Amino acid sequence: MSEAVTALKNARYDAGIATISEIGPLGMITIRGDLDAAFLRKVVKKVTGVERPDRGECSTGGEAGVAWMSPDELLLMCPHAQVPEVLARLHAAFEDTHTLAVDVSGARAAFRIEGPHAREVLAKLAPVDLAPATFTPGMFRRTRIGQVPAAFWLLEDGAFQVVCFRSVAQYMFDQLKVAAQPGSEVGHFGAG
């Protein structure tokens, strides 16, 4: 098996008002099915150690996480090396149900935006109210960042994690860098 590499080989930009870094390789598995089914909640908790998130949320714990993508879709995240094992466990648990689990790790890119102006950098590009009182840790959105379909959530440490298609990874990284360029502070949210 070949070694997994990220789209931009873990590119990093830290010369501006926030640090933009590609993260990964990150294991990502799409789960489609009845999100309210008791067996699905149980399996997600057993595999990741976190509860299935509610609408518009992302639950994380350690290196695992689960994001609510749509009324019938979750995105499960885990260390890349664990994807085959996690997928096998999911397939075994879903065997007699109308539920699907697919490895999408190679089709996605992930970025982290961190620093005192991380919220401001993302707010320049996404049509989402990112006011600190409105968008709190654990909240999740599927939207566009610039012209790119993407999803993002706020981590407990104040950093944002962004997921997009691998095919637009360079464009995503470049637009995040422009939004974070030195001297581009707007000051809308203060310094945090």
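We use all heavy atoms of the structure for the numbers below, so side chains are in, but hydrogens, waters and symmetry mates are not. What you see is a predicted model; the values in this text were computed from it and never measured.
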Problem set entry | ILVMFWY network linking L74 to V86, side-chain heavy atoms under 4.5 angstrom | yes

Seminar exercise, completed: Closest non-hydrogen atoms of G187 and E120, given as atom of the first, atom of the second and distance, are N-OE1, 2.9 Å

For this session: Output, in order, the C-alpha distance, side-chain angles, deciding distance and verdict of salt bridge (charged side-chain N to carboxylate O under 4.0 Å, His left out) for R142 and E73.
Result: CA-CA 12 Å; R142 262 180 108 164; E73 180 182 2; 3.3 Å; yes

Exercise. Do I23 and L76 share a hydrophobic cluster, counting only Ile, Leu, Val, Met, Phe, Trp and Tyr and linking them when any side-chain heavy atoms are less than 4.5 Å apart?
Worked result: no

Exercise. Which pair of heavy atoms, one from T60 and one from V50, lies closest together, and at what distance?
Worked result: C-CG1, 3.6 Å

Problem set entry | F140 to W68 - nearest heavy-atom pair and separation | CE2-O, 2.9 Å

For this session: Considering non-hydrogen atoms only, spot the tightest contact between M28 and V163 and give its length.
Result: SD-CG1, 3.9 Å

Exercise. More than 12 non-hydrogen atoms from neighbouring residues, nucleotides or ligands closer than 6.0 Å to CZ on F165, yes or no?
Worked result: no

Problem set entry | Residue pair G158 / A118: nearest heavy atoms and the distance that separates them | O-CB, 4.3 Å

Exercise. Hey, quick one: are V178 and V168 part of the same hydrophobic cluster, counting side-chain heavy atoms closer than 4.5 Å, chains of contacts allowed?
Worked result: no

Problem set entry | Shared hydrophobic cluster, L90 / V104 (ILVMFWY, side-chain heavy atoms < 4.5 Å) | no

Exercise. Is a salt bridge present between R141 and D129, judged by a nitrogen-to-oxygen distance below 4.0 Å?
Worked result: no

Exercise. Do R52 and E57 sit within salt-bridge range, that is, some charged N less than 4.0 Å from a carboxylate O?
Worked result: no

For this session: Output yes when a side-chain donor or acceptor of T134 lies under 3.5 Å from a complementary backbone atom of L130, and no otherwise.
Result: no

Problem set entry | Taking every non-hydrogen atom, the tightest pair across A4 and P25 | O-CG, 3.6 Å

For this session: For S59 and E51, run side chain to side chain donor-acceptor pair (under 3.5 Å): C-alpha distance rounded to whole Å, both residues' side-chain angles, the deciding distance at 0.1 Å, then the answer.
Result: CA-CA 7 Å; S59 301; E51 297 291 335; over 6 Å; no

Exercise. Can the ring centroids of F135 and F152 be said to lie less than 6.0 angstrom from one another?
Worked result: yes

Exercise. Do I17 and Q181 have side chains that get closer than 4.5 Å, going by heavy atoms?
Worked result: no

Exercise. Given side chains that start at C-beta, do those of D34 and D72 come closer than 4.5 Å, heavy atoms only?
Worked result: no

